[in-house]
Amino acid sequence: MAGTLIALGGNALQRAGGSGSWKEARASLRAVAPVLAEAAQTSGTLVLTHGNGPQVGALLRQNELAADELPGLPLDVLGAETQGQIGYLIQSELTPMLRRRRVGRSVLTVISRTEVRANDPAFLHPTKPIGRYYSEAESRLLRKKLGWSMVDDRVRGGWRRLVPSPRPVRWLEGPLVRGLLDTGAGGRWIPVVAGGGGIPVVRRPSGAYEGVEAVVDKDLAAALVARELGLETMAIVTDVPGAALSFGRSGERWLGEVSRQELANYRSRGEFAEGSMEPKVDAGLAFLSGGGRHFLICDIPSLPRALRGEAGTRVG
Ligand code: ADP
Ligand code: MG
């Protein structure tokens, strides 16, 4: 299907160093909306996905502070909450912008689950830091009382909880959304899907799906979505204008148009940091080898030009 997936990073929704208020979130999205509306005008099918790191962090903290009064909610439920909250935000800010540009499309948020394997080795080695920083004493207590895996990240401010980040294998709502778009609804709807990488679920022997305490990488989930929908273009939008070689060091070089092979070589040379740029590159390579045509990494301001092949890191 001729169409584009745009994956918005956390920075598109919440400014680094901001207060995290709802007013700020609205303002950030209001700034992004014209760019998304322009993409809706120029691409065929448009599908959106987004990260949820700061938002899920805030909900975890709310749970913690309210623990004396209300039972805490598990991580899968908090993931669902962030999909609702961010989907609502996109619906309310993008819709007026579409109207203004006379784009006759409506935004539709789909609460999405991502199947992961119960025997994924990631469950034995949690790697994804979530939530706030804790003191040494707090972390000792939490590890004992709640059985959390935690990592000492003293340079940044203390101990953090680690959860597994299993590989996404299936997007459960994918066939439904695909069916919807295949009926030609791509011209009428802009689905917002798999927010935060989707709610991680495992299939039990009974056939039922159950949420798990894990986080699916949103970039890898984006590649799964783009392939499931057979989209031609996947754009990962973050807070840097592309992928760089020698990032942050002398001789830093931003990549423009690169071949798949070159990108794969840079990856194996360790040019892209684990947990931030590397999963984007992995997602892009997976998307292209699964039949995708164009993969882009860019920031919000450069997105319109990146979609025209004039900015960002472009592969394929
Ligand atoms: P997002 O919320 O958009 O997923 P991330 O923080 O996970 O954002 O990833 C983007 C970050 O990746 C950039 O802000 C940058 O600090 C980091 N990064 C690591 N390696 C590179 C690289 N080689 N080129 C560009 N950015 C890189
Ligand atoms: Mg990220």
Side-chain angles (χ1 to χ4, degrees), residues 5-18 20 25 28-29 31-32 35-36 48-58 79 82-83 86 89-90 114 127-131 153 155-156 160 162-163 165-168 194-198 200 214-226 234-258 262-287 295-303 306 311-315:
L5 175 89
I6 296 178
L8 298 168
N11 70 295
L13 309 159
Q14 188 168 320
R15 199 163 46 81
S28 300
L29 208 86
V32 177
V35 175
L36 297 180
L48 302 177
T49 185
H50 59 80
N52 71 347
Q55 294 77 14
V56 89
T82 64
Q83 289 184 357
I86 298 166
L89 182 64
I90 297 175
T114 303
T127 53
K128 174 80 187 161
I130 61 162
D153 190 357
V155 189
R156 295 238 190 105
R160 277 186 98 188
L162 290 178
V163 294
S165 188
R167 197 172 57 83
V215 168
V216 175
D217 182 84
K218 75 117 188 357
D219 298 315
L220 299 181
L224 188 69
V225 166
M234 176 167 86
I236 295 188
V237 182
T238 183
D239 57 356
V240 284
L245 303 181
S246 304
F247 175 69
R249 299 194 303 273
S250 71
E252 178 182 82
R253 180 162 78 83
W254 292 91
L255 295 169
E257 202 164 300
V258 286
E262 272 177 284
L263 192 69
N265 291 346
Y266 296 142
R267 184 212 181 279
S268 46
R269 234 164 65 182
E271 291 282 356
F272 312 120
E274 243 175 79
S276 59
M277 192 47 73
E278 191 177 83
K280 299 184 199 322
V281 167
D282 287 346
L285 294 171
F287 168 67
F295 169 57
L296 311 166
I297 305 171
C298 60
D299 58 10
I300 298 275
S302 63
L303 178 64
T313 297
R314 309 179 296 282
V315 197

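All residue numbers refer to positions in the sequence shown, counting from 1. All values below come from the heavy atoms of this structure, side chains included, with hydrogens, waters and symmetry mates left out. Counting starts at 1 for both ligands and their atoms, in listed order. What you see is a predicted model; the values in this text were computed from it and never measured.
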Inset, instruction - Considering the heavy atoms of Thr238, write down every atom of ligand 1 situated less than 4.0 Å from one of them. - result: 1 (P), 3 (O), 8 (O), 9 (O), 10 (C)
Inset, instruction - Report yes if some N/O of Trp254 lies less than 3.5 Å from some N/O of ligand 1; otherwise report no. - result: no
Inset, instruction - Work out whether the distance between some heavy atom of Gly242 and some atom of ligand 1 is less than 4.0 Å. - result: yes
Legend entry - Heavy atoms from other residues, nucleotides or ligands near CZ of Arg269 exceed 12 (cutoff 6.0 Å): yes
Inset, instruction - Look at ligand 1 and say whether Lys280 reaches it with a heavy atom at a distance under 4.0 Å. - result: yes
Inset, instruction - Would you mind reporting whether Gln55 and Asn52 have side-chain heavy atoms less than 4.5 Å apart? - result: yes
Legend entry - Partner set under side chain to side chain contact (heavy atoms under 4.5 Å, CB included) for Pro241, not counting sequence neighbours: Trp254, Asp299
Legend entry - Close side-chain approach of Val240 to Met277, heavy-atom, < 4.5 Å: yes
Inset, instruction - Answer yes or no: are there more than 12 heavy-atom neighbours, outside Glu252 itself, under 6.0 Å from its atom CD? - result: yes
Inset, instruction - Enumerate the atoms of ligand 1 whose separation from the nearest heavy atom of Gly10 is less than 4.0 angstrom. - result: 2 (O)
Legend entry - Distance (rounded to the nearest 0.5 Å) between Ser246 OG and Arg253 CZ: 9.0 Å
Inset, instruction - May I ask which of Glu271, Met277, Arg253 has a heavy atom nearer to atom 27 (C) of ligand 1 than the others do? - result: Met277
Legend entry - Which of the ligand 1 atoms, numbered from 1, are nearer than 4.0 Å to a heavy atom of Ala244: 22 (C), 23 (N), 24 (N), 25 (C)
Legend entry - Gly51 heavy atom under 4.0 Å from ligand 1: no
Legend entry - Contact atoms of ligand 1, heavy-atom distance to Ala273 under 4.0 Å: 19 (C), 20 (N)
Legend entry - Any side-chain heavy-atom pair of Glu278 and Arg267 under 4.5 Å: yes
